[in-house]
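Structure, as C-alpha cells:
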2 protein chains.
Amino acid sequence: MAATRGSAPTIVDVAAAAGVSLATASRALSNYGRVSAVTAERVRRAAIEIGYRPNELARAMRVGSSGTIGLVIIADFTNAFFDRATKSIVDAAKSHGYQVLISNSDEDIEVERLAVQTLLDKQVDGLIVVPSLARAHDHLLPPALGGKPLVVIDRIPDGVAVTSVTTDDRSGTEQAVRNAASLGHERLGFLVSAFGVHGHTLERPEPMLSSVTERVEGFTSGARAAGIAKRNQLWVYSEDEPRASEAAVSYMLDRPKPPTVIFTSNNDMALAVLKVAGNRRLVIGRDISLVTVDDSQWAAAIVPGITVVARPVEQLGELAVSRLVSRISNPDQPDETIVLPTEVIARESVANLKVLPYREVD
Amino acid sequence: MAATRGSAPTIVDVAAAAGVSLATASRALSNYGRVSAVTAERVRRAAIEIGYRPNELARAMRVGSSGTIGLVIIADFTNAFFDRATKSIVDAAKSHGYQVLISNSDEDIEVERLAVQTLLDKQVDGLIVVPSLARAHDHLLPPALGGKPLVVIDRIPDGVAVTSVTTDDRSGTEQAVRNAASLGHERLGFLVSAFGVHGHTLERPEPMLSSVTERVEGFTSGARAAGIAKRNQLWVYSEDEPRASEAAVSYMLDRPKPPTVIFTSNNDMALAVLKVAGNRRLVIGRDISLVTVDDSQWAAAIVPGITVVARPVEQLGELAVSRLVSRISNPDQPDETIVLPTEVIARESVANLKVLPYREVD
DNA sequence: GCAGCTTGCGATAACGTTCTCGCAATCTGC
DNA sequence: GCAGATTGCGAGAACGTTATCGCAAGCTGC
C-alpha cells in the first residue's frame, strides 16, 4: 500500500508496478496520447494500489502554471473586509481549480512590495491585491509582474491601468447622507479614516485611498443635494487607531454645536463612536446618530441596529477571482473596471428628528 | 534590463551574462561551494542587471521543501477566530520564512479531507488544521500525511496522537460561571453550539467538538462550585445558524422561570441573544445577562460591554506555526499538547443582582 | 502481397534549480 | 623546485513531471 521506499511513490513506481514505461504511465494517468484501454486501466489500478499522488510542484514546473493565485490583503479585523473577502476568494478560487497563497500587507507599501515579489517567486498564476497606498506602486506595473495578471480590489491605485473590482461607495454614502437629512439631520459629522496622519486633524491629508475618496465625494454630493451648508458639516480625519479615533469623536461631541449624526468611513471609526458615546452615557439613535460603511453581524444584532452602507464583499471576491482566472487563460484582454452597487440598510442608529426632536447634549 | 527572450530570465541567462557556467552562477547566488570573490560579485551584478529572480518552484523541487505550509480552517465570521487566527498564522509563517496556502473546510469533514489532500499534493512542508469533526479523521493520521508534520488548533480530534495548540476554555468558562454566581445569579442558561442538530434541542448530541466539550465541562464544574443545582440550569443545544439559535434563545426566555444569565458557547449564539433581547425590549445587563466565549472589538465597544471568556487567539496562531516549523526541521519530536490560558474579561453585560435585584420579565 | 497508415508504447528531452565530481591551475611546505 | 594540498570552475546528474519523437507491430487498400 505505502511506497516500499522511504519517500512518496512517483510515477516511475507506478510504471514499475504496472509493468509499463514511465511514458505510458504518464499517458494513462493524465490521459493524453495513445494508450490501450486495458493498459490504461492497469496503470490506474497500480496508481491507486501503491497510493500514488502526482507531485503538483513537478507538474507545475513542467506545464508552466502552478494552479495557485496570490492574495495580498490588509488584515484589519473590525471592517470585516479581510475575512469576508478572504473567504470568498479562497472558495471561489477552489471552485475554479486554484489554491490561494495569502499574504498580509498590514497597509505597509514596502511589505506589500515584498509580498508581491515573494508570491511571484513562488510562481503564482495571478495576483489579487488590495493596494495599500494610492501612490508608489511600481511593483503593480506589468514589468514588475513579469506578465502575470493582476486584479486589484477595494481600492484603485492612481494612474495605473489595471483591472479592478470595487464597490460604489460614492453613491452608497450619498444615499446615506440624503436619508439622514430626510430624517431631519441638519448638522453632519464625518469621521474619515486617513493614512499618514497622527491623531486627528481637520485638514484633508493627501493622498487618500481611492475607496476613502469615494466616500468623501459621496458625502459631499449627498450634503449638497440635501442643501446642507459646509458650515454645518464637521469633517475630522483620524488615524486608524482606536485611541486616535476616540479622541476625534470626543472632539466632535465637544463642539458647541455638535453634529446630530456622525458618518464614519469604516467600522473602526464606528466602534470609536459607540465607545465614546457609551462612556458619555449618550444613547445611539437618540442622543447621537451613527452611520457607517460595511455591514456586519454585530451591526445588525445590537440595539440599536446600526444603519450601514452595505458593500457586496463576497460578490467582490468572487468577481475578482473570476476576472483573474479569465485573464490567466487569456492574457490579452483589455482591462476592466468593475464597480459593484452598494446599498443603504436603514436601522435604528439614525434618530428620526422629525418625530423625536434633537435634545441638546448637556 | 528585462530578459531579451520572451519569458523570465533563468540562471543560465545570468551565467551567460556573467560569462560563467551555470554551476558557478548557482554557487555565487546561493553561496555554497567555492567561488572567487570577484566572480561572485560579477554574477550578482549580472543577476540584478537582467532582473533575475530564482524560480522557487524549481528550487523547491530540487531541495524537497517548498517553503509553504498549508492551513485548513473554518471560515466562520462572527467568532473572530478565522480572521485573528489566519492573520497571526500568516504573519508568523512569514517571519519563519514560510508562505501560507489557505483552504476553507466550512466545517465539512469531506471538504477538509479533500483540502488536506490538495495541499499535500502541492507539497506543503506541514499543515495546520482546525479539525471540523471529533471523529472520522483518517486523513489526519500520519500515513495519510505522507510524513508531513501536522499541528491541530482550537480543537483536538478524539484518539489521535497529534501536536495540538488549544485554549483552556474549560477553566475560562468555569471562572465565568463562578463570577456570575458571585453577582447573585442563581438560574443559569447555557446555549451550546452543536453540530448535527437541527434547530435546537435539550438533549446532548454526540459527538461534540472538543472545544465545546471543554466549555460544557467548565460550565458544569463552575455551577457545582457555586452550588447551583441542575434544576436551576437550562441547557439548550442549537444548530449554529441564526434562525435556529434565535429560536433557542426565545425558548429559554419563554420558560416560566427563565435564566437570569445566558452563557453562550460562541459569538454566533451571543449575537442571537442580543437580537432576541433587542426585539423583546429586554436590556442586556439589566433584564437579562450575557456571557460569551471569545472577545472582539464590538463586544468591548457596545453598550453594555459584553463579559467574555477571552482566548489568546494570536498567541495560539503563533505557537502553532512555531511548533510546526520546529517539527518540519526536526520531524522526530514527541507530540506536544499545548493549552493556553484564557481570561474572563468582566464588562457590564452581567447584572449585579446583589445591587439591582432581578426583575421578573413581563 | 506490398506500400502506406494507424496503433501502442519506450526512449528521451525538456522545465529551472541544487549539488556532487573531477580536473586544471594555483598555492603551500621543505 | 617538486610532491601534495587547495582553489576555482565546468560538466552533468538529479528532483518528478509532461510531451515529443521514433519505432515495431498490426492493420488497411488495391
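Naming: A, B, ... by sequence-line order, numbering from 1 per chain.
- Remark: the backbone N or O of B:L22 is not paired with any side-chain donor or acceptor of B:S26 at under 3.5 angstrom.
- In this structure, B:T68 contributes its side chain and B:S66 its backbone to a donor-acceptor pair below 3.5 Å.
- Counting only distance, with no hydrogens or angles, the side chain of B:D125 and the backbone of B:G67 share a donor-acceptor pair below 3.5 Å.
- Salt-bridge formation is detected for the pair A:K87/A:D91: a Lys NZ or Arg NE/NH1/NH2 atom is positioned less than 4.0 Å from an Asp or Glu carboxylate oxygen.
- Mapping A:R42 and B:I11 onto DNA chain C via the closest heavy atom, the residue that lands nearer the 5' end is A:R42.
- Results of the side-chain hydrogen bond (donor to acceptor under 3.5 Å, both in side chains) test with B:S132 over B:R155, B:R113, B:E112 single out B:E112 as the only residue that passes.
- Going from atom CE of A:M61 over to atom P of D:dC15 covers 12 Å, rounded to whole Å.
- Using a 3.5 Å distance cut-off with no hydrogens or angles, the side chains of A:D154 and A:S211 do not pair a donor with an acceptor.
- Here the C1' atom of nucleotide C:dG16 and the CG atom of A:L57 are 12 Å apart, to the nearest Å.
- If you take CZ of B:R59 and P of D:dC15, they are 18 Å apart, rounded to a whole angstrom.
- No hydrogens or angles considered: nothing links the side chains of B:Y52 and B:T10 as a donor-acceptor pair under 3.5 Å.
- Atom NZ of A:K122 and atom C1' of C:dG16 are 15 Å apart (whole Å).
- For residues 28-40 of chain B, proximity to DNA chain D is found at B:R34, B:V35, B:S36, B:T39, defined as any non-hydrogen atom under 4.0 angstrom from a strand atom.
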Check nucleotides 11-14 of chain C against the protein and report each pair of N or O atoms closer than 3.5 Å, with its distance, or say if there are none.
unit_1 : atom_1 : unit_2 : atom_2 : d
C:dA14 : N3     : A:R62  : NH1    : 3.3

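- When atom types are taken as modelled, the side chain of B:R327 and the backbone of B:P334 share a donor-acceptor pair closer than 3.5 angstrom.
- Between D:dG10 and B:T24, a contact under 4.0 Å exists linking OP1 or OP2 to a side-chain N or O.
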